[in-house]
Structures are given as structure tokens and as C-alpha cells.
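What you see is a predicted model; the values in this text were computed from it and never measured. Both counts, for ligands and for their atoms, begin at 1 and track the order of listing. Note that these values count all heavy atoms, side chains included, but never hydrogens, waters or copies made by symmetry.
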Amino acid sequence: MTGQAIGVFDSGIGGLSVLKALWAAMPHEDFIYIADSGHAPYGERDEAHVLARSRAIVQHLVRHKVKALVIACNTATAAAIQLLRAEYPGLPLIGVEPALKPAVALSQTGRIGVMATRSTLASAKFRALLAAQSGGAKDVHFIVQPCDGLAHAIETSADTGDTTRTQALCAHYTRAIGEFGTQVGQIDTLVLGCTHYPFASEHLRALVGPEVQLMDNGEAVARQTRRLIQASLQPSGAGQRPGEISLFTTGQPQHLQAAARRWLGLSAGVGVLVAI
Ligand code: DGL
């Protein structure tokens with residue numbers, strides 16, 4: 001790997017959905033991805049835990065001189081981005097948040113489901129986002145659903161290929177959100193407010209039907225990161241060579257390796273980080 005990489009992290013493998021979009025948008029950049037699977041899930045832990053873990057990982061990536069850092073986790077963004085921006089004023093930090101704004105723009109029925117972790121939904125950052133998007137000119141109603149256990153089920157399925165638990169939880173939570181469809185009174189847009197959930201989109205799609213929009217923010221985050229890099233930083237590779245992706249985990253390496261192979265087609269080896 002030459003030049004400076006872009007750091008990306010998540011509580012686990014979910015951030016690979018964002019890495020996929022980043023890689024597609026910037027194929028000549030190098031990326032260092034950290035899955036904090038040894039301390040996951042974040043979504044059902046308190047904010048202090050998520051903040052402490054985010055700080056430790058950012059510190060580690062900064063020591064490796066990343067030129068920008070993407071928090072590919074809604075839960076960690078909600079808990080930590082404000083503080084991290086204050087602690088690292090010179091580091092371009094990009095976070096991810098549930099795609100409420102694009103959902104409002106797309107929805108025809110004005111009924112929007114939001115699936116996210118309990119911790120994201122309880123955060124002040126999410127409450128502010130919800131208030132801002134509820135108070136606009138368009139008459140919209142959000143049905144917000146904490147999805148305990150779903151990120152963990154998706155994590156586990158990456159390794160085993162067994163999606164029984166993921167499917168059962170998707171069925172349970174979409175039923176709790178309400179009736180999906182494009183008729184008046186039905187939910188026509190579903191926000192996937194956790195970076196793990198796009199890896200369950202096939203099951204969600206089967207449950208909500210083909211006409212419902214599934215929204216995640218991976219591509220928007222990738223566009224924003226590319227803009228930042230082009231505007232203020234040195235793009236890598238100058239279009240010459242393909243970028244490299246380095247994968248690290250605080251958990252089981254075979255787990256991240258299986259997920260990267262399954263969802264990104266990556267056969268790269270995975271480094272293990274024990275001390276962060
Ligand atoms: N992928 C993370 C997010 O976007 C959370 C998963 C977890 O609960 O650890 O919120």
C-alpha cells in the first residue's frame with residue numbers, strides 16, 4: 001500500500017456495505033477497514049461503550065496516518081462523531097445517519113418506516129434529524145422500529161450462510177412497523193438505518209414487496225467522501241493503479257473474511273487487532 005489510506009470502521013461487518021460504495025466511487029484509493037466485532041454489537045450497548053470504542057479505533061487509525069476517516073456505523077456516528085470532530089479538528093471525518101431526508105423526498109404516501117438499532121434511535125442526533133424531517137412542507141409520518149438482535153444475526157450469517165434468524169427477525173420487525181405498499185395509508189419507503197441491514201435487503205424485499213423503496217446511505221456517504229477528498233486532500237493513485245483494501249478485526253478473522261468474500265467478492269487476508 002502506498003500513499004495515505006482512507007480509514008473505515010464499524011462495530012462489525014455492516015460497514016462493508018459502506019466500504020462497497022466507497023470502493024465503487026473511488027477505485028484508486030486505498031482503504032483500511034476495521035470491524036470491531038470483538039466488542040459488538042454496539043446498538044444495544046450504552047453510549048459510553050460506543051464512544052470509548054470509537055475513540056480507541058480512531059486513535060489507532062490516526063496513528064496509521066489515514067487521510068480521512070469514515071464512521072461506517074449509524075450507532076457510532078450518533079454517539080461519537082461530534083466529540084471526535086472536536087478531538088481531531090484536522091481530520092476529515094464522515095459519518096453515516098439514517099436516510100430520512102431522501103426518504104421524505106421519495107415517499108408518495110408520506111408513511112416511512114425506519115429500522116435502526118435501539119441506541120441510534122435513542123440518540124439526540126437521531127431525534128434532531130427526525131424533528132427536522134417531520135417539520136417540513138411535506139406531510140410525513142415516520143414509524144420507527146428498534147431492531148434488537150438483527151445486526152448480530154446478520155453478523156453470524158456471514159460466516160455460516162444460515163439466514164434463518166435474520167429472516168425471522170426481519171419478518172417480526174416489518175410486521176411491527178405496519179402495512180407496506182403504495183396505496184394511501186401504506187408505508188412505501190423503508191429506511192435501513194444500520195449499515196448491517198443492506199445485507200438483509202433480499203429478505204426485507206421479499207417481505208415488503210417489490211414497490212417499496214429500501215433506503216440506505218452508503219452511496220451518499222461515498223459521494224460525500226469523494227467530494228471531500230477531491231476538494232481538500234490528495235487523491236491517491238492518480239487513476240493509475242487499483243486501490244488496496246486492508247481488513248482488520250478485533251474479533252474472529254474468518255468471520256470478516258467470509259463476509260468480505262460473500263458480499264464484496266474480496267479474497268484479501270484479514271489482520272487481527274487484539275490491543276485496541
Ligand atoms: N452497523 C451498526 C450501525 O450502523 C450497528 C450494529 C451494532 O449494533 O453493532 O448502527
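- Contact annotation: the side chain of Tyr42 approaches that of Asp36 to within less than 4.5 Å [non-hydrogen atoms, C-beta and beyond].
- A heavy-atom distance below 4.5 Å is not found between the side chains of Cys147 and Leu169.
- Side-chain N/O atoms of Thr182 and Asp188 include no donor and acceptor closer than 3.5 Å.
- With respect to the salt-bridge test (charged N to carboxylate O, under 4.0 angstrom), the residues Asp30 and Arg241 qualify.
- Contact annotation: the side chain of Gln59 approaches that of Tyr88 to within less than 4.5 Å [non-hydrogen atoms, C-beta and beyond].
- Each of Asp10, Asn74, Asp216 was compared with Val96 under the side-chain contact (heavy atoms from CB on, under 4.5 Å) criterion, and only Asn74 meets it.
- If you look at ligand 1, the protein residues with a non-hydrogen atom under 4.0 Å away are Asp10, Ser11, Pro41, Tyr42, Gly43, Cys73, Asn74, Thr75, Thr117, Ala151, Cys194, Thr195, His196.
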